[in-house]
Amino acid sequence: MPSAESEKPEVTGPKFNPLSAEEARVILKKGTEAPFVGEYTNTTDPGTYVCRRCNAPLYRSDSKFVSDCGWPSFDDEIAGAVKRMMDSDGSRTEILCKNCDGHLGHVFVGEQLTAKDTRHCVNSLSMKFYPKGSDLPAVIK
Ligand SMILES: [Zn+2]
């Protein structure tokens, strides 16, 4: 088991939004929330999902779809918002917030669930939802 998880000082710096222990476990330690219990698993309201840690807009509700996988699923990200990285075991592609490197989840292709053939499987804890028409918070760079 890798013991030295990368602990970048800026990751725990005070400038980002404060996180609960569970949010930190997912976002900073690349954890996964339990399936089917996340706040946004089945939400369909129009609006924008931003990074819980830095407020960067990540996904729009138009890209959200029901996948029955137990986590919020999107078939596209807001252009330039998400970074992809191969997992250390080489089997899955991790997705991270491009602005703050916070862990979001994983992205899968080839499942043919939507026309875009892509599923971003995202932890609810990694995001915060802003309904359409509400002001988005300033992004913490
Ligand atoms: Zn972020």
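Model, not experiment: these values are computed from the prediction. All ligand and atom numbering here is 1-based and tracks the order in the structure.
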With the side chain counted from C-beta on, respond yes when Ile78 and Thr48 share a heavy-atom pair under 4.5 Å apart, and no when they do not.
-> yes

What's the verdict on side chain to side chain donor-acceptor pair (under 3.5 Å) for Ser91 and Asp89, showing C-alpha distance, side-chain angles and the deciding distance?
-> CA-CA 6 Å; Ser91 66; Asp89 65 4; 2.9 Å; yes

Name of the residue among His106, Glu77, Glu94 meeting side-chain hydrogen bond (donor to acceptor under 3.5 Å, both in side chains) with Arg84 | Glu77

Carefully, step by step, assess Phe16 and Leu28 under the rule side chain to side chain contact (heavy atoms under 4.5 Å, CB included).
-> CA-CA 12 Å; Phe16 292 117; Leu28 306 181; over 6 Å; no

Please list, one pair per line, the donor and acceptor atoms closer than 3.5 Å that link side chains of residues 131-141 to other protein atoms, with sequence neighbours excluded.
from: Ser134; atom 1: OG; to: Pro131; atom 2: O; distance (Å): 2.6

The Zn ion (ligand 1): protein N, O or S atoms that are less than 2.8 Å away, sorted by chain = Cys51 SG, Cys54 SG, Cys97 SG, Cys100 SG

Rounding to 0.5 Å, atoms CE (Met127) and CG (Leu58) come to a distance of 8.0 Å

